[in-house]
S.K.: 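Structure in structure tokens, see below.
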Amino acid sequence: MPIYEEIYAIARQIPVGKVATYGQIARMVAGCTARMAGYAMAALPDKTDVPWQRVINSQGKISPHGFGYGSALQRELLIAEGIRFDLNGRVDFNEFGWLDLAKYLDKED
DNA sequence: CGGCTGACTCTGG
DNA sequence: TCCAGAGCCAGCC
């Protein structure tokens with residue numbers, strides 16, 4: 001199975017109302033890098049069963065892929081799923097992150 | 001087989 | 001916090 005297929009498989013596991021980063025997906029797929037994850041998403045066809053909109057960058061923001069339509073659409077889709085953006089256009093991983101990114105930084109719980 | 005492309009991430013200032 | 005530069009690898013001519 002090609003690397004990108006594995007990336008899509010991971011992306012399909014992201015539940016509604018949650019988001020994951022390219023880096024997180026890359027860490028789940030052996031031999032995958034953050035770029036590959038992004039490139040794999042970029043290679044997705046117009047019609048796909050992969051929730052690509054739930055995949056964003058490590059900054060919790062949507063990458064400016066395309067002329068802007070893609071990112072705008074992605075934001076709309078995420079908001080429709082219940083995900084909220086702050087005034088800086090960023091998502092709070094502590095609340096909408098698929099995996100608890102905070103546990104990697106500091107496990108205080 | 002060689003070269004170009006791409007929705008990223010990290011580090012330093 | 002924002003900007004610039006380097007590293008990386010699969011896919012498609």
Side-chain angles (χ1 to χ4, degrees):
Chain A
M1 178 180 282
I3 295 294
Y4 57 86
E5 285 294 344
E6 294 188 51
I7 295 171
Y8 298 153
I10 297 295
R12 275 185 284 248
Q13 293 176 54
I14 304 175
V16 177
K18 294 289 183 179
V19 296
T21 70
Y22 300 100
Q24 289 288 282
I25 293 176
R27 288 166 188 259
M28 289 181 236
V29 180
C32 178
T33 64
R35 283 190 166 184
M36 265 235 60
Y39 303 157
M41 292 296 116
L44 282 169
D46 297 318
K47 303 178 65 174
T48 177
D49 59 327
V50 180
W52 55 272
Q53 71 265 22
R54 296 175 198 150
V55 185
I56 57 182
N57 61 29
S58 65
Q59 299 175 114
K61 297 194 300 187
I62 300 172
S63 297
H65 51 87
F67 299 93
Y69 304 106
S71 57
L73 172 61
Q74 184 168 12
R75 191 180 71 255
E76 295 294 310
L77 291 171
L78 292 176
I79 292 174
E81 294 187 351
I83 294 171
R84 288 169 295 187
F85 291 79
D86 64 12
L87 298 178
N88 295 313
R90 292 185 299 195
V91 177
D92 182 357
F93 286 112
N94 291 297
E95 188 168 10
F96 304 108
W98 181 27
L99 300 179
D100 190 351
L101 195 62
K103 71 183 181 183
Y104 292 103
L105 305 177
D106 180 57
K107 184 63 178 306
E108 58 181 276
D109 182 45

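Side chains are part of it too, since the values below use all heavy atoms of this structure and drop only hydrogens, waters and symmetry mates. Convention: sequence-line order gives letters A, B, ...; per-chain numbering from 1. Fair warning: this is a prediction, and the values are worked out from it, not measured in the lab.
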S.K.: Return the value, rounded to whole Å, for the distance between atom CE of A/M1 and atom C1' of C/dA10.
M.R.: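 Between C1' of C/dA10 and CE of A/M1: 16 Å.
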S.K.: So, is A/S58 near the phosphate of B/dC8, with a side-chain N or O under 4.0 Å from OP1 or OP2?
M.R.: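 Result: no.
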S.K.: In whole angstrom, give the distance that lies between atom CD of A/Q59 and atom P of C/dT1.
M.R.: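 To the nearest whole Å, that distance equals 11 Å.
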S.K.: For A/W52 and B/dA7, give me the distance from atom CH2 to atom C1', rounded to whole Å.
M.R.: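 After rounding, the reported distance stands at 9 Å.
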S.K.: Distance check needed: B/dC8 P versus A/I7 CD1, whole Å only.
M.R.: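 Atom CD1 in A/I7 sits about 13 Å away from atom P in B/dC8.
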S.K.: Among the candidates C/dT1, B/dC8, C/dG11, find the nucleotide nearest to the side-chain atoms of A/Y22.
M.R.: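 Closest nucleotide among those given: B/dC8.
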S.K.: Does the A/Y22 side chain pair with the main chain of A/Y39, one donor and one acceptor, at a distance under 3.5 Å?
M.R.: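 Side chain of A/Y22 to backbone of A/Y39: no pair is present.
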S.K.: Kindly give the heavy-atom pair with the smallest separation between A/F93 and A/I56, and that separation in Å.
M.R.: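 Of all heavy-atom pairs spanning A/F93 and A/I56, the closest is CZ-CD1, 4.0 Å.
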S.K.: Using Watson-Crick or G-U wobble geometry with both distances under 3.5 Å, which nucleotide pairs with C/dC8?
M.R.: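 Partner of C/dC8: none.
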S.K.: Which nucleotide wins on minimum distance to the side chain of A/Y4, given the candidates B/dC8, C/dA10, C/dG11?
M.R.: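 Ranking B/dC8, C/dA10, C/dG11 by closest atom to the A/Y4 side chain puts C/dG11 first.
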S.K.: Between the main-chain N or O of A/V55 and the side-chain N or O of A/Q24, is there a donor-acceptor pair closer than 3.5 Å?
M.R.: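 The answer is no, because no donor-acceptor pair under 3.5 Å joins these two groups.
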S.K.: Yes or no on side-chain contact (heavy atoms from CB on, under 4.5 Å) for A/D92 and A/D86, after CA distance, side-chain angles and deciding distance?
M.R.: CA-CA 8 Å; A/D92 182 357; A/D86 64 12; over 6 Å; no
S.K.: I'd like to know if A/Y39 reaches the base of C/dA10 with its side chain such that a donor and an acceptor end up less than 3.5 angstrom apart.
M.R.: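 Such a pair does not exist between side chain and base.
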S.K.: Side chain of A/A42: nearest nucleotide among B/dG6, C/dA10, B/dT9?
M.R.: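 Minimum distance to the A/A42 side chain belongs to B/dG6.
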S.K.: I want to verify a distance call: between C/dG11, B/dC8, B/dA7, whose nearest atom is closest to the A/M41 side chain?
M.R.: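 So the side chain of A/M41 is nearest to B/dA7.
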S.K.: Any chance you could measure A/L73, atom CG, to A/W52, atom CH2, to the nearest 0.5 Å?
M.R.: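 The CH2 atom of A/W52 is 4.5 Å from CG of A/L73, to the nearest 0.5 Å.
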S.K.: Rounding to an integer number of Å, can you tell me how far A/Q74 CD sits from B/dC8 P?
M.R.: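 These atoms are roughly 10 Å apart.
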S.K.: At less than 4.0 Å, is any side-chain N or O atom of A/S63 found next to OP1 or OP2 of B/dC8? Yes or no.
M.R.: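 A/S63 to B/dC8 OP1/OP2: side-chain N or O found under 4.0 Å.
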S.K.: Can you check the A/I3 CD1 to C/dC12 P distance for me, whole Å?
M.R.: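 Value for this atom pair: 14 Å.
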S.K.: Just the rounded figure in Å: distance from P of B/dA7 to OH of A/Y8.
M.R.: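 To the nearest whole Å, that distance equals 12 Å.
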S.K.: When you get a sec, tell me which of B/dA7, C/dC9, B/dC8 is the closest nucleotide to the side chain of A/N57?
M.R.: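 The answer is B/dC8.
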S.K.: Rounded to whole Å, please give me the gap between CG in A/L77 and P in B/dA7.
M.R.: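 For the pair A/L77 CG and B/dA7 P, the rounded distance is 18 Å.
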